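For reference, the structure discussed in these notes is given below.
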2 protein chains.
Amino acid sequence: MATLKDIARSLDLSITQVSRALNDHSDVSEETRLRVKATARAMNYHPNVSARKLVSGRSGIVGLVVPQHRNIGQDGIFMEVVAGLSSQFSGRGMQFVLHIMAEQEPPLPVYQKLIGTALLDGFVLIDPMDRDPRIDFLRRAGIAFVVHGRSGETIDYPYFDIENEQLAYDLTEHLLARGHRRIAFLNGIAGRSYVSRREAGYLRALRAAGAPHIPELHLNGDMDEAHGLTGTIRLFSGTAPRPTAIVCGNVRLARGAYQALAALGLSVPGDVSVVAHDDELPTLRASAFFPALTVTRAPLRDSWEPLADCLAGAIAGKPLAGLQRLGQYSFIERNSVAPPAAA
Amino acid sequence: MATLKDIARSLDLSITQVSRALNDHSDVSEETRLRVKATARAMNYHPNVSARKLVSGRSGIVGLVVPQHRNIGQDGIFMEVVAGLSSQFSGRGMQFVLHIMAEQEPPLPVYQKLIGTALLDGFVLIDPMDRDPRIDFLRRAGIAFVVHGRSGETIDYPYFDIENEQLAYDLTEHLLARGHRRIAFLNGIAGRSYVSRREAGYLRALRAAGAPHIPELHLNGDMDEAHGLTGTIRLFSGTAPRPTAIVCGNVRLARGAYQALAALGLSVPGDVSVVAHDDELPTLRASAFFPALTVTRAPLRDSWEPLADCLAGAIAGKPLAGLQRLGQYSFIERNSVAPPAAA
DNA sequence: GGACGAACCCGAAACGTTTCGGAAAAGATA
DNA sequence: TATCTTTTCCGAAACGTTTCGGGTTCGTCC
């Protein structure tokens with residue numbers, strides 16, 4: 001391994017000057033800078049990360065901590081996250097460390113330990129809960145982080161998020177505008193921050209239209225096909241009034257709903273209208289539904305670049321203002337919505 | 001962050017002695033060792049990885065480099081690898097770094113660069129090709145590594161592998177023993193080391209039984225359901241003599257084969273016998289096939305522990321003999337094999 | 001009582017980098 | 001000529017750890 005010393009010796013310069021040349025400091029002549037960079041490349045020099053971290057506090061390594069979930073990797077979503085973030089950071093010359101916790105391990109000590117070893121520059125936090133304790137913890141620890149989503153009262157940290165409240169409002173409002181009043185919502189697992197935001201948007205739309213809020217029509221659970229199916233069956237087999245439309249938290253839930261409705265002998269959109277939010281996960285396409293699914297669309301894969309940007313910015317000490325970003329979503333109308341059948 | 005200096009000061013000891021106490025060196029009294037360890041825990045001390053790496057060359061970080069494959073994460077297999085290795089290394093107090101390369105990026109410079117930054121203690125190599133250049137490269141670089149599989153002439157490196165040659169022999173031989181002569185093999189992508197080993201076992205079994213080798217019956221390709229289906233269709237629609245039995249490289253291929261056979265109006269095992277190797281991937285169970293699938297069984301998930309063991313051993317400088325391990329497989333006879341129908 | 005060994009301990013150097021404080025040389029200003 | 005700037009450079013310290021080569025006690029053995 002070539003070191004600064006080797007370069008310095010071969011150019012008859014001091015180690016200091018070589019370091020400054022490589023890091024584009026001001027007080028090194030243009031000529032020296034070029035000579036240094038040329039020989040560094042020639043000698044195949046790569047700065048020793050440990051040495052750099054020791055003195056400057058920067059290693060260029062960021063981490064993601066996730067629990068070993070039972071269905072981790074069942075759906076391709078986690079892979080999407082890992083591959084997306086990893087390649088984004090690689091592209092910035094940074095390293096991405098994945099740390100998988102044991103199933104029921106409490107997360108805070110894990111972060112504590114990782115911070116203790118002074119290896120990482122920062123963390124990416126995904127799947128924040130309402131008032132997520134990790135956020136307070138990392139803030140207190142004084143280490144950089146970025147959240148995929150928002151959580152808590154005071155949002156004084158870097159994040160990338162989409163307007164979950166608004167998109168749930170839009171989906172619900174779209175149905176209300178066509179005359180639906182009994183609108184079900186197949187939402188995600190309660191406690192997740194984005195799930196609560198979406199619930200809020202759903203309720204706001206109902207309230208604005210003066211439609212009744214029927215608690216039995218709001219279901220929380222895994223966002224997979226199985227729960228879309230069982231949830232829909234439940235919606236139509238209970239004592240509560242049957243919905244005429246369903247808002248689904250993602251396309252997988254919608255797929256389950258379609259199957260359940262088919263099994264129940266109900267047609268889409270003739271008997272029941274269905275809308276969903278579409279993360280554009282690779283395995284399932286909303287446009288390939290029959291009838292094609294009306295959605296709000298915000299590809300998950302568009303998250304990794306801003307997340308990496310924000311974390312890199314936070315580590316570099318940039319001001320917070322530029323590190324809080326919102327992704328756009330679009331409303332795509334297809335063929336899964338019609339006015340409610342005359343009761 | 002508490003450092004050695006803090007502990008030393010609070011116990012009125014030298015930094016040296018504290019370091020030796022924590023690392024269980026010989027010349028520190030039992031009493032001191034306990035006192036030191038107690039206060040280290042109390043002060044929430046974690047050794048600074050960078051400092052340690054700088055002087056001792058050990059960071060406790062290992063890496064896995066994978067190309068951003070088009071269907072990465074489609075099947076759960078990659079996630080299985082990442083989660084398995086990550087939790088194994090976490091359990092050993094080590095860190096696991098995942099580095100995803102761009103699709104067509106040449107791998108050697110990536111390893112070069114990672115080695116150059118002197119951060120990692122070693123690598124896990126998966127999916128080795130025949131005569132994989134990465135092995136030579138890492139060997140020459142003098143960095144520790146472990147291979148999931150074996151490749152090349154001289155196997156003088158740590159590995160964990162299963163007897164791919166023998167299991168392909170066993171599967172083929174099982175069919176030959178029941179009278180089959182025209183046996184097809186749906187194998188993986190050519191060039192992969194384990195694919196070549198299995199091909200060798202298949203050919204050895206044919207040769208030993210004096211059965212003809214019909215090149216058209218040996219198919220290479222992706223090991224997924226789609227290729228199982230199209231491959232099987234091809235086997236039965238060409239000009240070559242039709243097989244009476246199929247050996248599948250994994251259960252996914254077998255699933256595709258079952259579907260194709262059903263579509264062709266052929267029954268298993270009445271018209272065609274099917275056997276496969278079963279990695280026990282989480283999504284698909286060989287026992288749930290109808291008829292239940294006869295397999296050689298070697299759960300992929302049993303690989304991560306020995307792989308981590310071997311790499312940790314290699315880093316610790318243990319002798320090679322204990323770092324070359326073979327996994328066992330078992331032969332599980334179910335209902336997918338019968339004698340060939342009288343032609 | 002001197003030599004020896006065992007048990008326990010410590011100072012200092014080293015790893016490769018960044019950065020602080022200053023210094024030399026050259027040109028500009030007085 | 002003396003002083004001040006600007007440009008370009010350098011020595012030395014620091015980060016937190018491991019490890020080398022010692023050192024000091026204390027008891028034991030001749």
Side-chain angles (χ1 to χ4, degrees), chain A residues 1-37 39-40 43-61 93 113 115-121 315-317, chain B residues 1-37 39-40 43-61 93 113 115-121 315-317:
Chain A
M1 280 329 103
T3 71
L4 284 186
K5 205 199 292 191
D6 300 327
I7 302 180
R9 197 167 20 202
S10 97
L11 289 178
D12 202 31
L13 278 173
S14 71
I15 293 178
T16 304
Q17 207 57 2
V18 174
S19 169
R20 300 179 69 84
L22 288 174
N23 293 332
D24 287 323
H25 279 239
S26 60
D27 59 353
V28 37
S29 71
E30 187 62 18
E31 189 222 337
T32 322
R33 190 202 326 285
L34 293 177
R35 276 201 312 152
V36 168
K37 289 200 171 176
T39 41
M43 299 177 78
N44 199 349
Y45 169 79
H46 298 277
N48 182 309
V49 172
S50 303
R52 183 205 292 253
K53 173 79 185 180
L54 200 54
V55 59
S56 75
R58 303 266 163 77
S59 63
I61 314 179
K113 190 168 157 187
I115 295 173
T117 62
L119 181 72
L120 276 52
D121 289 347
I315 291 169
Chain B
M1 281 328 103
T3 70
L4 284 187
K5 205 198 294 190
D6 300 326
I7 302 180
R9 196 165 22 200
S10 97
L11 289 178
D12 202 32
L13 277 173
S14 72
I15 293 179
T16 304
Q17 206 58 1
V18 174
S19 169
R20 300 179 67 85
L22 289 174
N23 293 333
D24 288 323
H25 278 239
S26 60
D27 59 354
V28 36
S29 71
E30 188 61 18
E31 188 222 337
T32 319
R33 191 203 325 284
L34 293 176
R35 277 201 314 152
V36 167
K37 289 200 172 176
T39 42
M43 299 177 77
N44 199 349
Y45 169 79
H46 298 277
N48 183 309
V49 172
S50 304
R52 183 204 292 254
K53 173 78 185 179
L54 200 52
V55 58
S56 75
R58 303 268 163 77
S59 63
I61 314 177
K113 191 167 156 187
I115 294 173
T117 63
L119 181 71
L120 276 50
D121 289 347
I315 290 169

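Heavy atoms only: backbone and side chains are in, while hydrogens, waters and symmetry mates are out. The structure presented is a predicted model; accordingly, all values stated were derived computationally and were not measured.
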Worksheet, complete the sentence: From CD of A:Q17 across to P of C:dA23 the rounded distance in Å is 17 Å
Discussion item. Please give me the minimum heavy-atom distance between A:S50 and B:K53, naming the atom from each residue.
Written reply: OG-CG, 3.3 Å
Item to complete: Could you pull out all residues at least two apart from A:R20 that satisfy side chain to side chain contact (heavy atoms under 4.5 Å, CB included)?
Response: A:T16, A:Q17, A:H25, A:D27
Worksheet item: Which residue, B:L54, B:I315, B:D121, B:L120, forms the side chain to side chain contact (heavy atoms under 4.5 Å, CB included) with B:S59?
Response: B:D121
Worksheet entry | Phosphate OP1/OP2 of C:dC9: any B:T32 side-chain N/O under 4.0 Å | yes
Item to complete: Pick base, sugar-phosphate or nothing for A:S29, based on heavy-atom distances below 4.0 Å to the nucleic acid.
Response: sugar-phosphate
Item to complete: Return the minimal non-hydrogen interatomic distance between B:T117 and A:H46, and the atom names on each side.
Response: N-CB, 4.0 Å
Discussion item. Heavy atoms only, 4.0 Å cut-off, all strands: where does B:S19 land among base, sugar-phosphate and nothing?
Written reply: base
Discussion item. Ignoring hydrogens, what is the shortest heavy-atom contact between B:R33 and B:V28? Give both atom names and the distance.
Written reply: NH2-O, 3.8 Å
Worksheet item: Which two nucleotides bound the region of DNA chain D that has atoms under 4.0 Å from heavy atoms of chain A, read 5' to 3'?
Response: D:dT8 to D:dG16
Worksheet item: Going by number, which of residues 48-59 of chain A have a non-hydrogen atom under 4.0 Å from DNA chain D?
Response: A:L54, A:V55
Worksheet item: Quick one: does B:D27 reach the base of C:dC8 with a side-chain donor-acceptor pair under 3.5 Å?
Response: no
Worksheet item: If you take all heavy atoms of B:D24 and B:K37, which pair is closest and at what distance?
Response: OD1-NZ, 2.9 Å
Response to the item:
Tightest non-hydrogen contact, residues B:P47 and B:R52, listed as CG-NH2, 2.9 Å
Worksheet item: With a 4.5 Å limit on heavy-atom distance, are the side chains of B:L4 and B:Y45 in contact?
Response: yes
Worksheet item: Pick the nucleotide of DNA chain C nearest each of B:R35 and A:R20; which residue has the one closer to the 5' end?
Response: B:R35
Worksheet entry | Rounded interatomic separation in angstrom, taking CG from B:L11 and C1' from C:dC10 | 15 Å
Worksheet item: Taking side chain as C-beta onward, heavy atoms only, is A:M43 less than 4.5 Å from A:D6?
Response: yes
Item to complete: Report which part of the nucleic acid A:T16 touches: base, sugar-phosphate, or nothing (heavy-atom distance under 4.0 Å, all strands).
Response: base
Practice prompt. Determine the contact category for A:I15: base if any of its heavy atoms lies under 4.0 Å from a base atom, sugar-phosphate if only primed atoms, P, OP1 or OP2 are that close, otherwise nothing.
Written response: base
